[in-house]
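One structure is given here, and the rest of the page talks about it.
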Number of protein chains: 2
Amino acid sequence: MHLTETKPEIKHSKRFWHWWQCQRCATGKVQAREQILQAAFDEIHHVGFQAASLSRILAHTGLTKGALYHHFGSKLALGYAVVDELLLEYLREIWLRPLEKTDDPIKQLISSLHKMGENIRQEDLELGCPLNNLAQEMAPIDEGFRRRLEAAYSEWRGGIESALLRGQKSGFVRHDVDAKSTAATLVATMEGCIGMAKNAQSRELLLQCGRGIIQYLESLKKHTRKRKVT
Amino acid sequence: MHLTETKPEIKHSKRFWHWWQCQRCATGKVQAREQILQAAFDEIHHVGFQAASLSRILAHTGLTKGALYHHFGSKLALGYAVVDELLLEYLREIWLRPLEKTDDPIKQLISSLHKMGENIRQEDLELGCPLNNLAQEMAPIDEGFRRRLEAAYSEWRGGIESALLRGQKSGFVRHDVDAKSTAATLVATMEGCIGMAKNAQSRELLLQCGRGIIQYLESLKKHTRKRKVT
DNA sequence: AATTTGACATACCAATCGGTATGAACTAAA
DNA sequence: TTTAGTTCATACCGATTGGTATGTCAAATT
């Protein structure tokens with residue numbers, strides 16, 4: 001899944017000819033697959049996977065079905081690729097990577113929540129969490145989707161769990177909290193809050209729920225002065 | 001919701017003759033609309049609204065499009081009716097009605113959670129909460145759906161909020177809890193837990209999250225002996 | 001008895017869906 | 001230069017979709 005890192009900057013010098021300016025070859029050829037992936041992600045984020053239209057996806061890229069079915073075997077395969085190559089990466093970059101670098105997961109999570117509450121755009125508020133959207137729609141319908149999304153959720157919970165355990169060792173987290181169930185409750189609550197705010201189209205409700213989560217997180221803090229780090 | 005018990009055993013006998021025994025008119029006529037409603041609810045619960053097929057819905061009822069478009073103006077109108085006449089009733093009966101009768105909302109909520117955890121069928125676990133499903137799918141797409149579903153959520157939150165306020169007056173709930181934001185967080189967390197358990201297809205995860213919610217509810221209790229009621 | 005209205009069934013429609021077959025343009029290898 | 005393999009575009013397919021127009025029969029109304 002990480003093999004796409006190897007995409008070359010200038011793959012071939014082929015882009016300069018065709019006697020004057022082949023728009024397609026000049027700009028997008030090497031990115032055709034990524035274009036489709038991103039457009040598919042957007043389309044799915046807007047209308048869900050089942051209602052996602054391949055024609056609309058392609059219309060947004062300027063490509064045609066020939067390109068799509070050259071890179072992806074089917075609509076389902078395209079959907080899987082969106083999860084594997086985009087959704088999972090977003091999750092890791094936004095939620096998991098920051099947690100790996102800290103011994104104070106509570107502080108880090110609160111920081112992430114604040115950052116999200118401040119930076120979230122109206123459109124994203126209305127569209128909700130793409131991971132949760134896809135999970136709620138496709139989990140009962142397609143086992144392939146369900147397994148991939150469950151793997152993502154599992155990784156998410158696992159990341160929080162191990163961060164909480166590290167936090168306990170470092171003295172930032174109370175020792176009587178069960179890391180595993182706390183991680184599960186945290187993820188579930190965050191997704192639930194985003195979903196509720198999405199339906200209400202209310203940033204205020206999102207912030208309200210966010211404060212509830214932060215309050216919950218604060219209750220997990222260890223208050224001894226055993227270690228005081230900046 | 002349980003009215004479907006009265007559906008006739010001999011589903012297709014209606015075509016046996018018009019002039020001596022019209023099965024349809026004899027038994028099911030008044031229920032045709034409710035049959036379609038219930039079948040639509042099931043179909044939507046299984047595949048979502050957009051992917052819901054009118055043909056499949058009708059196939060499950062034995063009726064035809066003539067009946068459907070006689071009672072409902074469009075697929076959208078059918079979807080709205082499902083929300084207004086079925087979903088909202090479920091919500092009120094299962095979650096809101098019990099709360100109205102008690103002065104100890106925490107006890108009541110914990111009881112409801114236990115009941116749900118014990119009685120939930122595997123199929124319902126996999127399909128998730130129909131209200132949440134519909135909200136996550138349709139809120140960004142159709143304003144009519146969104147408003148109706150938001151009205152439902154608002155009623156849900158409001159019911160919990162006023163129950164919490166009554167609980168405070170009666171001395172069962174701590175006075176420093178903010179009823180409104182607590183109600184919002186509770187609903188969001190419950191939906192989030194159901195959604196997460198649905199994706200994981202794990203009753204264990206559902207129970208785990210449920211314990212997390214109960215733990216949160218316990219923290220809202222007032223522990224004075226001011227009033228001790230059975 | 002005659003007529004209207006309600007409650008459906010039947011047959012059909014254009015539009016859209018995901019998917020495929022074929023071929024053109026181009027590159028890399030021989 | 002020839003050949004083989006990529007990378008797409010074009011044109012088309014059957015299936016399914018929501019929706020409609022018309023017809024039929026029973027009950028209600030006049």
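Chain A is the first sequence line, chain B the second, and so forth, proteins listed ahead of strands; every chain is numbered from 1. Just so you know, these numbers come straight off a predicted model, no measurement behind them.
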Original post:
Just to confirm, is there a sub-4.0 Å distance from OP1 or OP2 of C:dC8 to any side-chain nitrogen or oxygen of B:H71?
Top reply: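 Checking B:H71 against C:dC8: at least one side-chain N or O falls below 4.0 Å of OP1 or OP2.
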Original post:
So does A:H70 get a side-chain nitrogen or oxygen closer than 4.0 Å to the phosphate oxygens (OP1/OP2) of D:dC8?
Top reply: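 Negative; the distance criterion is not met.
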Identify all pairs in which a protein N or O lies below 3.5 Å from an N or O of nucleotides 16-19 of chain C, and state each distance.
unit_1, atom_1, unit_2, atom_2, d
C:dC17, OP1, A:S53, OG, 3.0
C:dG18, OP1, A:A52, O, 2.8
C:dG18, OP1, A:K75, NZ, 3.0
C:dG18, OP2, A:L54, N, 3.2
C:dG18, N7, A:K65, NZ, 3.0
C:dG19, OP2, A:Y69, OH, 2.7
C:dG19, OP2, A:K75, N, 2.9
C:dG19, O5', A:Y69, OH, 3.3
C:dG19, N7, A:K65, NZ, 3.2
C:dG19, O6, A:K65, NZ, 2.9

Tell me: [atom1] of [X] to [atom2] of [N], nearest whole Å?
| X | N | atom1 | atom2 | answer |
| --- | --- | --- | --- | --- |
| B:E34 | C:dA7 | CD | C1' | 14 Å |
| A:F72 | D:dT7 | CZ | P | 12 Å |
| B:L78 | D:dT17 | CG | C1' | 15 Å |
| A:L68 | D:dT10 | CG | C1' | 15 Å |

Pairs in or reaching into [range]: which pass salt bridge (charged side-chain N to carboxylate O under 4.0 Å, His left out), with residues at least two apart or in two chains?
| range | answer |
| --- | --- |
| residues 200-211 of chain B | B:E204-B:R211 |
| residues 155-164 of chain A | A:R92-A:E155, A:E150-A:R157 |
| residues 52-79 of chain A | A:E43-A:R56 |

Original post:
Passes salt bridge (Lys or Arg N to Asp or Glu O under 4.0 Å), A:E100 versus A:R97? Steps please.
Top reply: CA-CA 5 Å; A:E100 294 172 358; A:R97 218 97 70 188; 5.8 Å; no
**OP:** Provide the full list of ring-ring contact (aromatic ring centres under 6.0 Å, His included) pairs with a residue in residues 126-155 of chain B, sequence neighbours left out, each pair given once.
**Re:**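 Sorted pair list: B:F49-B:F145, B:Y80-B:F145.
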Subject >> Contacts of type ring pair (Phe, Tyr, Trp, His ring centres under 6.0 Å), residue A:Y216, not counting sequence neighbours >> reply: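 Applying ring pair (Phe, Tyr, Trp, His ring centres under 6.0 Å) to A:Y216 gives none.
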